[in-house]
2 protein chains.
Amino acid sequence: MATEVLRGESGLRGSNIDALFHPSSVAVVGATPKQGHVGYVIMVNLLGKFKGKVFLVNPRYDSINGVKCYKGLTDVDDEVDLAVIAVPAPVVPQVVVDAVKKGVKALIIISGGFSEVGDEGRRLEDEVRSIIKDSKVRVLGPNCIGVYNAENGLDTFFLPEDRMGRPPKGPIALISQSGAVAAAILDWASRRKLGIGLAVNYGNKIDVSESELLEYFAGNPNVKVITMYMEGLKYPGEGLRFLETARKVAQVKPVIVYKAGRTKASVHAVASHTAALAGDYEIYRGAFRQAGLIEANSVREMFDLAKALATQPLPRGKRVLVLTDSGGMGIQAVDTLSTLGLEVPELPETMQSMLRKYLPPLAIVRNPVDVTGSATDEYYKIVLDSILPTSYVDMALIVALMQIPGLTPNLVNYIIDAKRYGKPMVVVSFGGSALMEKFNDALENSGIPVYATPDRGARALWALVEYSRIRKMLREEVE
Amino acid sequence: MATEVLRGESGLRGSNIDALFHPSSVAVVGATPKQGHVGYVIMVNLLGKFKGKVFLVNPRYDSINGVKCYKGLTDVDDEVDLAVIAVPAPVVPQVVVDAVKKGVKALIIISGGFSEVGDEGRRLEDEVRSIIKDSKVRVLGPNCIGVYNAENGLDTFFLPEDRMGRPPKGPIALISQSGAVAAAILDWASRRKLGIGLAVNYGNKIDVSESELLEYFAGNPNVKVITMYMEGLKYPGEGLRFLETARKVAQVKPVIVYKAGRTKASVHAVASHTAALAGDYEIYRGAFRQAGLIEANSVREMFDLAKALATQPLPRGKRVLVLTDSGGMGIQAVDTLSTLGLEVPELPETMQSMLRKYLPPLAIVRNPVDVTGSATDEYYKIVLDSILPTSYVDMALIVALMQIPGLTPNLVNYIIDAKRYGKPMVVVSFGGSALMEKFNDALENSGIPVYATPDRGARALWALVEYSRIRKMLREEVE
């Protein structure tokens with residue numbers, strides 16, 4: 001499998017797992033005209049957005065809001081790739097039997113009321129397991145919020161748009177062990193126009209696991225970075241499989257994980273929440289490191305890092321040019337960079353005297369290069385074009401406080417021009433004016449990640465260096 | 001002085017330092033009709049907003065934009081409390097001579113071109129020092145951005161409103177060693193409606209130091225929390241004075257400091273930027289701790305903590321009720337709380353069975369109390385009203401993900417009602433919908449601080465526990 005994954009041609013493309021994300025047709029089992037119900041929200045979202053066929057299934061209706069409704073899955077007079085199931089738990093086994101009979105490729109069981117509620121639910125879960133055992137159908141859930149795919153409009157996140165915004169298409173995929181955390185992340189990302197194009201929550205995972213989802217995203221060419229929110233693994237033996245898969249995936253694309261349930265105090269809470277084993281965090285940490293996963297310390301940090309990894313080339317070394325219009329912000333950047341093991345090398349004297357010629361007398365040309373509060377767009381251009389093409393630095397952290405009166409939105413073009421040097425760049429922009437928002441949006445639309453504070457920008461560069469190291473390490477081991 | 005400070009009656013109220021913040025009349029020396037110039041922006045801002053008399057001074061004009069202009073400070077036919085000086089550095093000494101002659105109480109020397117540029121500038125600085133030596137006039141600067149006072153409209157931050165928004169009145173004061181950092185903070189705070197009612201940047205500090213500013217804010221009854229952005233102290237002997245002052249001030253109100261220039265790599269950058277001695281960060285850290293300062297690790301964290309300290313009562317112990325509608329978010333909160341030494345105690349069995357009666361079967365009643373994705377506003381009310389009045393917990397961290405369909409903005413009222421129990425509360429709300437923004441705004445307007453992620457909310461509660469400890473420690477030492 002390693003070679004397949006390396007080529008980005010995982011066997012899972014075109015498999016039944018693919019039907020969870022790219023079905024041609026979807027049946028909503030439990031569609032209903034009752035507003036606010038889960039089956040209603042999913043039905044409305046799919047009818048409105050999904051680029052494929054949608055069938056409604058509910059024995060109680062002949063039609064819902066003018067759309068034909070089938071009594072059962074087996075009554076649908078067309079192929080069904082994916083069935084989304086939102087019916088009471090006790091009814092689920094019969095629906096799964098029908099799905100197998102119908103030849104449905106994949107199921108998303110949204111319904112709760114399984115092992116998370118006790119023995120009766122556990123029995124139902126076992127029943128579903130035995131029904132699917134000898135078939136090829138793949139099952140996501142139960143007790144999950146399902147799948148979001150910005151590309152084809154597949155969306156089983158059963159929250160209306162006014163509660164939860166949907167992010168735009170983009171290169172970031174999210175695998176979340178918590179449904180509510182996934183929903184909150186998508187809502188947050190939509191506001192920031194952050195491209196989480198694919199998201200999935202796997203609930204009680206009686207079949208499809210995080211390992212398979214990881215492997216699937218590795219083979220999906222639209223995905224450039226995989227993010228994971230994880231509380232803990234659940235079943236015996238899962239750990240080894242997960243880590244083996246992660247090692248293979250990390251060779252082809254970066255995987256960032258945020259593990260909650262790190263402390264003794266939260267172990268019980270994890271057990272109550274996802275029935276997972278939070279375990280000893282240090283053991284997880286060590287394993288993540290060995291597997292080549294990049295660890296984040298919060299949900300927000302996970303996407304700070306993802307933004308850079310999705311847009312920037314990998315650096316050849318760890319030397320950073322810090323270019324700033326505020327000495328204070330430059331110092332903060334250097335603090336974090338050097339704490340994280342990156343370097344801010346002093347520039348050679350020849351380079352310093354060259355810069356001195358073109359910059360105003362108060363500018364500081366050592367690195368951090370401080371073009372000061374009297375900066376204009378041109379000063380940034382001069383520094384970027386003089387230093388980035390040289391072999392003195394491997395990447396740039398650019399602080400541009402738009403409060404400085406000499407800066408204009410044209411600065412964006414100079415920064416974008418500097419992409420031609422093929423070195424990673426991140427921009428730090430802090431404030432609240434409309435002018436600044438415009439500046440930030442223009443940069444992010446052109447693939448330059450923007451961070452509010454120097455420590456966040458510095459950490460994003462660290463992630464690039466770290467992934468560079470990981471990929472080298474893993475590929476050397478393969479050879 | 002300790003007792004005065006303890007009573008909040010610092011001798012500095014009514015002193016000439018007070019004239020830096022609460023003058024009855026201000027003269028703008030270097031007023032000009034030339035748009036974009038520093039003297040122009042300050043003049044326009046003061047004429048437009050300052051609640052007091054404004055005099056323009058510039059020998060080249062009889063009037064500017066229809067307002068009378070005086071040749072020199074001594075020509076003003078009224079008392080001048082404060083002179084804001086924005087003229088070329090070589091002219092500054094003569095202006096200071098005039099100011100002393102005129103009996104002006106305080107000066108803000110905005111002009112750059114002093115010790116930060118070299119020997120000639122250093123000579124000018126010495127000249128100004130010797131002019132003021134035997135007078136009572138107090139000088140802020142030179143090479144500074146001055147003062148912002150939301151209350152009376154005194155505003156020498158020479159950036160137009162479209163570049164830098166101004167925050168509303170409020171209980172937070174900012175003392176910043178960097179002008180650009182201060183400007184960026186105010187711009188950022190204005191967007192978030194964060195009440196930084198007073199801000200000051202002291203530049204080369206030939207006279208008024210951070211110690212005196214700290215002492216002054218301690219005695220200002222409008223200030224509830226003092227925040228400091230610091231790169232390093234500058235003159236020999238300053239350290240002791242600063243720490244003695246800080247110890248006294250920390251007895252009456254919380255002081256939060258963010259120190260930049262923490263690493264060997266940034267020491268040079270600090271020297272170039274503010275000519276300060278970044279020094280060994282561990283020495284600063286130890287001293288901050290002894291002096292009872294609360295340390296933040298970034299500009300943003302400084303205001304996360306300030307928001308809680310400005311609005312919440314101090315807790316009696318360190319036991320936290322975590323109430324959440326998302327198990328995952330609850331776990332993240334517990335992780336940070338316990339890492340910071342706070343406790344999330346299990347609730348007694350009697351309390352748990354009582355909650356079980358009123359909450360749905362899937363709810364988890366141990367603590368974190370998880371009212372789950374089927375939560376309604378009432379579940380929050382039941383938990384808050386049952387647990388907060390008891391002696392089992394000292395404060396609450398409330399996670400309310402507004403993606404959950406059962407929640408409405410009315411939840412705000414239940415949370416506000418719970419203020420009557422006299423225990424600190426913070427709310428974690430993560431997402432991006434308009435509904436969420438409304439919810440967050442309503443809470444913050446009622447004095448309940450809101451944080452986007454559980455780790456930030458947890459850290460805010462930590463700051464309350466920490467300040468509680470500090471105040472006890474310092475007051476016991478005084479007795």
Side-chain angles (χ1 to χ4, degrees), chain A residues 36 116-117 159 162-165 178-181 183-184 187-188 190-192 229 231 260-266 268-270 272-274 298-300 325-332 334-335 338-339 344 361-362 364 366 368 370 373 401-405 430-433 435 452-453 455, chain B residues 36 116-117 159 162-165 178-181 183-184 187-188 190-192 229 231 260-266 268-270 272-274 298-300 325-332 334-335 338-339 344 361-362 364 366 368 370 373 401-405 430-433 435 452-453 455:
Chain A
E116 79 278 10
V117 301
L159 297 162
D162 62 329
R163 288 277 171 176
M164 188 196 100
S178 159
V181 169
D187 185 29
W188 171 82
S190 76
R191 173 73 178 277
R192 278 146 196 85
Y229 170 78
E231 294 177 3
R262 300 179 164 199
T263 55
K264 273 191 193 152
S266 62
H268 287 299
V270 168
S272 313
H273 183 227
T274 46
S298 71
V299 162
R300 221 207 28 189
D325 58 358
S326 151
M329 289 288 182
I331 290 160
Q332 295 169 46
V334 174
D335 277 344
S338 74
T339 302
V344 184
L362 282 180
I364 290 154
R366 286 174 69 122
D370 180 358
L401 294 187
M402 292 302 287
Q403 291 84 30
I404 300 299
F430 185 66
S433 69
L435 187 80
T453 52
D455 53 311
Chain B
E116 79 278 10
V117 301
L159 296 162
D162 63 330
R163 287 277 171 177
M164 187 196 101
S178 160
V181 170
D187 186 28
W188 171 83
S190 75
R191 173 74 179 277
R192 277 146 197 85
Y229 170 78
E231 294 178 4
R262 300 178 164 199
T263 54
K264 273 191 192 149
S266 62
H268 287 299
V270 168
S272 313
H273 183 227
T274 45
S298 72
V299 162
R300 220 206 29 188
D325 57 358
S326 151
M329 288 287 183
I331 290 160
Q332 295 169 48
V334 174
D335 277 343
S338 74
T339 303
V344 184
L362 282 180
I364 291 156
R366 287 174 68 122
D370 180 358
L401 294 188
M402 292 301 287
Q403 291 84 30
I404 301 299
F430 185 66
S433 70
L435 187 80
T453 52
D455 54 310

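Convention: sequence-line order gives letters A, B, ...; per-chain numbering from 1.
- Only the side chain of S298(A) comes within less than 4.5 Å of a heavy atom of chain B; its backbone N, CA, C and O stay farther away.
- With chain A as partner, the option from V117(B), V181(B), D335(B) having the largest number of non-hydrogen pairs under 4.5 angstrom is D335(B).
- Of the listed residues (R191(A), R163(A), R262(A)), the one with the most heavy-atom contacts under 4.5 Å to chain B is R163(A).
- For the atom pair NE2 (H273(B)) and CG (D370(A)), the distance works out to 6.0 Å, reported to the nearest 0.5 Å.
- Neither the backbone nor the side chain of V344(B) comes within contact range of chain A; no heavy atoms are under 4.5 Å apart.
- Between L362(B) and E116(A) the shortest heavy-atom distance is CD2-O, 4.1 Å.
- Every side-chain contact (heavy atoms from CB on, under 4.5 Å) that A184(A) has, sequence neighbours left out, goes to M329(B), L401(B), Q403(B), F430(B).
- The two residues A183(B) and L159(B) make their nearest non-hydrogen contact at CB-CD1, 3.6 Å.
- By number of non-hydrogen pairs under 4.5 angstrom with chain B, the leading residue of A452(A), G431(A), A260(A) is G431(A).
- Heavy atoms closer than 4.5 Å to chain A are found in the backbone of D162(B), but not in its side chain.
- For chain A, the option among G261(B), S178(B), S338(B), G328(B) with the highest count of heavy-atom pairs below 4.5 Å is G328(B).
- For R366(B), the part lying near chain A is the side chain, with the backbone staying farther off; criterion is any non-hydrogen pair under 4.5 Å.
- For P368(B), the part sitting under 4.5 Å from any heavy atom of chain A is the side chain, from C-beta outward, and nothing else.
- When each of A269(B), G165(B), G36(B) is checked for heavy-atom pairs under 4.5 Å with chain A, A269(B) comes out on top.
- With values rounded to the nearest 0.5 angstrom, D455(A) atom CG is found 7.5 Å from R300(B) atom CZ.
- Of the residues considered (I404(B), T274(B), T339(B)), I404(B) shows the highest number of contacts with chain A, using heavy-atom pairs under 4.5 Å.
- Counting heavy-atom pairs under 4.5 Å between each of G179(A), P405(A), P361(A), S272(A) and chain B puts P405(A) at the top.
- At a 4.5 Å heavy-atom cutoff, the contact between Q332(A) and chain B is made by backbone and side-chain atoms alike.
- A donor-acceptor pair is defined here as one N or O able to donate and one able to accept, closer than 3.5 Å; no such pair exists between the side chain of D325(A) and the backbone of G373(A).
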